[in-house]
Protein chains: 4
Amino acid sequence: MTKGRLEAFSDGVLAIIITIMVLELKVPHTADLSGLRPLIPVFLSYVLSFIYIGIYWNNHHHLLHTAGKINGKILWANLHLLFWLSLVPFVTSWIGENHFASIPMLFYGVVLLMAGFAYSILQNLIIAHNGRDSLLSKAVGYDLKGKLSIGLYLSAIIIALYVEWFSGLIYIGVAIMWLIPDTRIERLVDKD
Amino acid sequence: MTKGRLEAFSDGVLAIIITIMVLELKVPHTADLSGLRPLIPVFLSYVLSFIYIGIYWNNHHHLLHTAGKINGKILWANLHLLFWLSLVPFVTSWIGENHFASIPMLFYGVVLLMAGFAYSILQNLIIAHNGRDSLLSKAVGYDLKGKLSIGLYLSAIIIALYVEWFSGLIYIGVAIMWLIPDTRIERLVDKD
Amino acid sequence: MTKGRLEAFSDGVLAIIITIMVLELKVPHTADLSGLRPLIPVFLSYVLSFIYIGIYWNNHHHLLHTAGKINGKILWANLHLLFWLSLVPFVTSWIGENHFASIPMLFYGVVLLMAGFAYSILQNLIIAHNGRDSLLSKAVGYDLKGKLSIGLYLSAIIIALYVEWFSGLIYIGVAIMWLIPDTRIERLVDKD
Amino acid sequence: MTKGRLEAFSDGVLAIIITIMVLELKVPHTADLSGLRPLIPVFLSYVLSFIYIGIYWNNHHHLLHTAGKINGKILWANLHLLFWLSLVPFVTSWIGENHFASIPMLFYGVVLLMAGFAYSILQNLIIAHNGRDSLLSKAVGYDLKGKLSIGLYLSAIIIALYVEWFSGLIYIGVAIMWLIPDTRIERLVDKD
């Protein structure tokens, strides 16, 4: 029950985050194709952020699925994660409206980095609280993918100051890396 | 449980999509009937898209109801469907504000077409994953209605370039065809 | 399960409707009390509509609670109700921004009237589908309150053309009449 | 079931409240750091209100968890709480856009005060309705933290007229006081 409400609230916030981003796709006032052209970068940034929020929802889903019990600290770690994800629509619009310029690309990385940290705090707290049931603990293991993402976000943040399109490639790369759902957990749950 | 969260998240996204469309009905600054006149096309496009989202929610509901188990691929196929549906408010405003002009009507069809494809991918993945329990598989059968819709969307997209009001009729026609809930599944579930 | 999703979707839509209305309370650009003055009618209309949506949520809650089974028709009757309720934020802003002028007050009544009809259709379909279990049927009885509301909305719509503040009083009166939760159903459920 | 829907609806409203606040972070039209500077007070007020809504969600969660049964009065007391919380985005933007000026800071306190009262009404009604099961009643006890908050909000409202930054400190202080989740209830539930 307790876990159910945490999931329901997170689902609600993630559903709203993913949907309000589309409001930045301002309807063109003309009825021809030329009206769509300025929307292309906004649309591309929307696609990327939609995938990121989708990845977080997916992994959050698997993470909570294995978590038997939760406590007050976990509730707050979850809110902390949702806080950083709630800033995704802001940086998404910022990079889209400025054609992936340097400073916005840097801040896009900062928000992803903080969300990455927040997710990893949440994961560690859930593992600590469910120690005896080591299913999640085994599934996550050394969490190479998580640590690699943090490192890549950090590089992309610095690179954004010099070659903005390359840090864009890094964000796309990390997304692709995570698009493959966390089958480690899925496999272990199935075996269970 | 896993299925429950997929449904809850989808419900959240669909509920937000259906409700933010109404924000395009900009409140007139005058208090007389003349203020409502320019809103009529926006209102009509809202009604049509409300019905489409309602149809998707309804069919999604029946589809998931029969699905016993889900996996990572199904989660992503579902997000893919939600992505295309999240673009419905955008094209809805676009056709409404431009009095159902040619290019917007074409893109309205493109979004419906992509959503139709996405739904059919989701359906196939669920059938593949729940093969043994052939309830859904039998209910869907050859999926004539789904295939017919794809064909009609395609025609409407091309027709929009020449006779925009006729492609509008096609969108209305497809909606009416689906308004009748998917009783094939309902009947089979009841028999079950 | 089926009923659960209908409730979840309705909760989502009603939660969004009730919350987006507050977006019409545009933040004043000054930091003094004078900035709040023009917001007073918008605030009052927000309070009234918040109560109306609250009433619908409350009654919807009791209505579905007694409904044992639902079918495709009920799903659509429910969407029909949500459609009219989704127009409440629009008419709420309209009456608020125009200081409860005649035509907006009339349309506020039209939306309430249509929502009232939609609710009564939903109620009748649920009663028809759950006939054997006559709990709801007994609780609703002749549905005097529902019929009275329809009549009062109709009068308020006509009166709005002549004495707009009086039709405002009627809307307030109907809200007060419903504020008392539908204890008929509650009492019968408790007895059960 | 009844309780479940109350929780689901509240989760929905709180999730939307917490997320629409971020819409006030208007995307800067420039791509440099200077564009972010005017957003700093808006961001700070967002953080504070995010934490407050998080606290309410958290405590609401614990409160409902212990509530065995609910009734019509509790449904309305809950809507009353949601009404005041729905005004949080409004006052949050107002203090942010006016750099925490006197009158907006006062109204921020008024909304927190009313939400505090509303929460305490809800809590008392739940205790009254679940009297026999005194778990919640014991956990809440004399409710020192709740009463202290009310007192502090009242002081902050008056202080806002003279030293606005100090009433800001009080709002931060109350948030910190509540950030520690209501372990009284948690502990008792665990013991149970």
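Atom set for the values below is all heavy atoms of this structure, side chains included, hydrogens, waters and symmetry mates excluded. All chains are named by letter (A, B, ...) in the order of the sequence lines, taking the proteins before the strands, and each is independently numbered beginning at 1.
When all heavy atoms of Leu179(B) and Trp76(C) are compared, the pair lying nearest together is O-NE1, 3.3 Å.
The CZ atom of Arg5(C) sits 6.5 Å away from the NE2 atom of His61(B) when rounded to the nearest 0.5 Å. Put simply, CG on Leu82(C) and OG1 on Thr19(B) are 8.5 Å apart, with the number rounded to the nearest 0.5 Å.
Using non-hydrogen atoms only and a strict 4.5 Å limit, no part of residues 151-162 of chain C faces chain B. By a heavy-atom distance cut of under 4.5 Å, not one residue of residues 24-44 of chain C is near chain B. Residues from residues 9-16 of chain C that place a non-hydrogen atom less than 4.5 Å from a non-hydrogen atom of chain B comprise Phe9(C), Gly12(C), Val13(C), Ile16(C), given in numerical order. Interface residues of residues 85-100 of chain C toward chain B, defined by a heavy-atom distance below 4.5 Å and sorted by number: Ser86(C), Leu87(C), Phe90(C), Ser93(C), Trp94(C), Glu97(C), Asn98(C).
When heavy atoms are compared at a cutoff of 4.5 Å, Ile17(C) approaches chain B by way of both its backbone and its side chain. When heavy atoms are compared at a cutoff of 4.5 Å, Ile55(B) approaches chain C by way of both its backbone and its side chain.
When the candidates Leu106(C), Leu23(C), Ile20(C), Leu79(C) are compared by the number of heavy-atom contacts under 4.5 Å with chain B, Leu79(C) comes out ahead.
Contact annotation: the side chain of Phe83(C) never approaches that of Ile51(B) to less than 4.5 Å [non-hydrogen atoms, C-beta and beyond].
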